[in-house]
Amino acid sequence: MSSSQPFFASSPISPAAGRRRKSRFTYKHLAQLALSSNTCPLRVIAHIDLDAFYAQCEGVRLCIPEEQPLAVQQWQGLIAINYPARKFGLNRHITITEARKLCPDLIMQHVATWKEGDEKWAYHKDAFAHIATHKVSLDPYRLESRRILACIKDVLPAPPLQRVEKASVDEVFLDLSSQIHSILLERYPEISGPAPYDDPTEFLPRPPTTALDWNTDALVDLDSLETEDDDPDWDDIAILLGSEIVRSVRAAVRERLKYTCSAGIARNKMIAKLGSAHKKPNQQTIVRNRAVQQFMGGFKFTKIRNLGGKLGDEVVNKFGTDQVKELLAAPIEQLKSKLGDDTGTWVYHIIRGEDSSEVNARTQIKSMLSAKSFRPTINTSEQAVRWLRIFVADIQSRLVEEGVLENKRRPKVLSLHHRQGAQMRSRQASIPSGRPIDETLLFDIAKNLLGQIVIDGRAWPCSNLQLSVGGFEDGPTGNRGIGSFLVRGEEAKAMMPSTRDADGYEWGKENDEPDKRRKLDHGAIQHFFSRQESHEEELSDAQNADLEEADSLSPQDTGPAKQDEDESVITLDEMAGRSAGASFHQAPITTYFCDGCGKKFPMAVKEEHEDWHLARELQAKEKSIFSRSDPHRSASSSGSNKKSVVAKGSNGAMQKKMEKGQSRLAFGT
DNA sequence: GTGGATGAG
DNA sequence: CGCTCATCCAC
């Protein structure tokens, strides 16, 4: 909300009749460009947006022709619709039956899902039948997003000339200023020297008057007072270079990875983003500085980022319009008095196309969430605990992808959100540092947080649970070599049957002893988690059926109460430990040492552990699941038999393990 | 630091 | 819609 400006409102040199001798820009402005200064009037920002991203991912993965109408399904809804399908009037918020009616030829591919005990997400036929036991995974799209980002970074020059911000799974901002500065100096030696008299406020000479080739881009019309044959200035040259860079980035993404995207090129992030949405798909739009007024004037201001929600509604109500053009008439004092000083000032500038926000050179995420909405609701702690297992497996596998194993980054905080009716509650806890993160550790903490929420009361029926990690910290130096060495040392320590850390917390054992660091004592937890079997009959038929089906796949991981009639009190730890952990948590009698992990394991899990390594290696060799074609797909996911429950293993060995029900939690490495 | 609200896609 | 991600702010 800086009140720098208004550079573009007036020229330092009167645009009289005929040709100005000098540029409107100075040597100082040119120098600012090299630093990507957010106040530089020559600055060039691009926004790149993948077209119907999830749909494109599935199209690429399954080698579906691009003209084929294709939508991505999530349970009963559609979350992405490709452009051929949009011609049939399909949009989001449409049911799959309506969609099929409008476009009988439509392919609806369901997103990948997980269920309890799965090693990894997988694509399932008839996924909707498993809504009670599975959660969706958007991981395939995150992985593709990562490849595309890597491709973009690869075609751009090395940092700091390159500045890329990942704005979402399918969007990036590029600050092209530095790169363009270097191109300008190279191509136009006349401005590469020092300023005359060493005075940075000297105006630059004008660019050579060659007519610019704006190519095939959608070029936004000029403001009414400008004329098309007006001589170009350096901002025009710069933005045109920006457009050429973006064109080459898009071509690389297209040729190497088969994805189309749309882009906007402008002087700031806000306009670049409006630009990328202007013409889709597979097009790019240049919004020159002198076209900004014309471009902005045609929009509803509710299209501007941050004005799409309650704030936008508030402005509409207080000023009686949703048009940028009409709100321009409101004086800044009125905006400030009605919206507050800060917000009013921000709105005043933003509708004039002024946005000085930086492109943060950031491509890594700051938090990670795994969530599930329950329909119908869940009503018992043990159901919730089972979902925690799935969330933990999901998050752990994504942490592995983030490089947490190599100690590149690690989260500090784990939190659990819970919704009952309209009420949302959450609890969080720190993830102890100094030891590797694994599923057992995360599950242990998550389970404890659930206990806290449950004893606060009013936990059931629960309509939504979300487990997240955040507060990511960078590893020691970002240096992989020394980092992984240290981690291995820590891991070996943590794997010892009974190891206390500096705080006296005992690791390597399940928490069957009181623990001072917990906010709850086990007595309280036991009270609220006892006698779960009395709620069994409250499960819906669908849930019961699916739970039994899942249980039959993994005999040692059955729900607690049913088999143990002799126990009337089930602790959280027992519920947790009964599956994966069972052998893990007992002091092993014989152990073997895994060179790959640099740590000890119970001999009983040797075979499984080595299989797990093998599976991971095979998987790592595959650059992407999307590089494979999968011709055996049918036109829809409905109507198939319910027996296809076993996940596609990543190899035969894994598959066998899963059938035996032995493959549970992955042992942390 | 924690937990809730808002906003985007 | 359901599932993510990010930011802001009162406490």
Side-chain angles (χ1 to χ4, degrees), chain A residues 1 47-55 71-81 90-96 98-99 108 110-114 121 127-128 131 134-142 145 165-173 269-270 273-274 276-277 280 302-314 340 342-343 346 357 360 362-375 387 390-391 394-395 398 402 411-419 422-431 449 452-453 456 463-472 519:
Chain A
M1 257 156 269
H47 181 254
I48 299 180
D49 195 340
L50 276 292
D51 300 321
F53 182 51
Y54 293 179
V72 178
Q73 182 185 347
Q74 180 177 275
W75 308 135
Q76 298 259 44
L78 299 180
I79 58 174
I81 294 159
L90 303 191
N91 52 50
R92 266 128 73 111
H93 306 318
I94 203 175
T95 71
I96 57 176
E98 290 166 342
M108 287 180 280
H110 199 281
V111 299
T113 59
W114 288 79
W121 48 260
F128 180 60
I131 187 168
H134 289 223
K135 83 172 291 304
V136 310
S137 173
L138 303 180
D139 214 32
Y141 313 127
R142 284 188 283 264
S145 176
E165 175 179 332
K166 179 172 179 159
S168 77
V169 73
D170 67 345
E171 292 171 88
V172 292
F173 285 103
K269 288 171 80 171
M270 186 270 294
K273 182 156 167 67
L274 288 176
S276 70
K280 301 192 80 170
T302 51
K303 297 290 178 197
I304 297 173
R305 187 174 149 89
N306 292 329
L307 287 172
K310 296 192 174 183
L311 176 57
D313 289 344
E314 188 189 344
D342 289 353
T343 305
W346 177 79
S357 58
N360 302 307
R362 182 179 50 70
T363 54
Q364 291 185 312
I365 57 158
K366 295 178 175 172
S367 66
M368 198 182 274
L369 171 77
S370 186
K372 168 88 181 172
S373 294
F374 304 112
R375 20 181 283 248
W387 284 106
I390 301 176
F391 295 157
D394 182 14
I395 283 181
R398 286 158 59 185
E402 281 290 309
K412 288 202 309 286
V413 183
L414 184 128
S415 60
L416 182 69
H417 287 243
H418 171 282
R419 188 167 67 193
Q423 187 189 21
M424 194 87 187
R425 279 180 296 156
S426 72
R427 287 293 178 275
Q428 53 192 104
S430 61
I431 299 169
L449 293 173
Q452 293 181 33
I453 286 171
D456 284 354
S463 58
N464 182 280
L465 271 183
Q466 349 186 137
L467 187 72
S468 59
V469 291
F472 277 85
K519 288 175 182 162

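Quick note on labels: first sequence line is chain A, next is B, and so on, each numbered from 1. These numbers come from the heavy atoms of this one structure, side chains and all, not from hydrogens, waters or symmetry mates. This is a predicted model, so every value here is computed, not measured.
Rounded to whole angstrom, the span from the CZ atom of A:Arg375 across to the C1' atom of C:dC1 amounts to 9 Å. Atom NZ of A:Lys412 is separated from atom C1' of B:dG1 by 10 Å (rounded to the nearest Å). As rounded to whole Å, 12 Å separates atom P of C:dC8 from atom CH2 of A:Trp346. Note: CD1 (A:Ile79) to C1' (C:dC5) measures 15 Å, nearest angstrom. Straight-line distance from the CD1 atom of A:Ile365 to the P atom of C:dT4: 11 Å, rounded to whole Å. Distance A:Phe472 CZ to C:dT7 P: 14 Å, rounded to the nearest Å. Spacing between atom CG of A:Leu465 and atom C1' of C:dT4 amounts to 16 Å, rounded to whole angstrom units. As rounded to whole Å, 15 Å separates atom C1' of C:dC3 from atom CD1 of A:Ile390.
Phosphate contact (OP1/OP2 of B:dG3, side-chain N/O of A:Gln428, threshold under 4.0 Å): present. OP1 and OP2 of C:dC1 both lie 4.0 Å or more from every side-chain N or O belonging to A:Ser373. Regarding contacts with the backbone of C:dC1, every side-chain N or O of A:Gln74 stays at 4.0 angstrom or more from both OP1 and OP2. Contact between the side-chain N/O atoms of A:Lys366 and the OP1/OP2 oxygens of C:dT4 is not found at any separation under 4.0 Å.
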Taking protein heavy atoms under 4.0 Å as touching, what does nucleotides 4-9 of chain B look like 5' to 3' if B marks base contact, S marks sugar-phosphate-only contact and - marks none? S-SSSS
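Within 6.0 Å of NZ in A:Lys280 there are more than 12 heavy atoms belonging to other residues, nucleotides or ligands. Applying the 6.0 Å contact sphere to CZ of A:Arg305 captures no more than 12 heavy atoms from other residues, nucleotides or ligands.
Across C:dT4, C:dT7, C:dG2, the shortest atom-to-atom separation from the side chain of A:Gln466 is found for C:dT4. Each of C:dT4, B:dG3, C:dT7 was ranked by its minimum atom distance to the side chain of A:Arg362; first place goes to C:dT7.
A donor-acceptor pair under 3.5 Å links the side-chain atoms of A:Lys372 to the main chain of A:His134, judged by distance alone. Put simply, the side chain of A:Arg398 gets close to the backbone of A:Leu369: a donor and an acceptor are under 3.5 Å apart. The backbone N or O of A:Thr95 lies less than 3.5 Å from a partner atom in the side chain of A:Glu98, making a donor-acceptor pair. Looking only at distances, a side-chain donor or acceptor of A:His110 sits under 3.5 Å from a matching main-chain atom of A:Trp75.
Rounded to the nearest 0.5 angstrom, A:Gln466 CD and A:Ser426 OG are separated by 9.0 Å.
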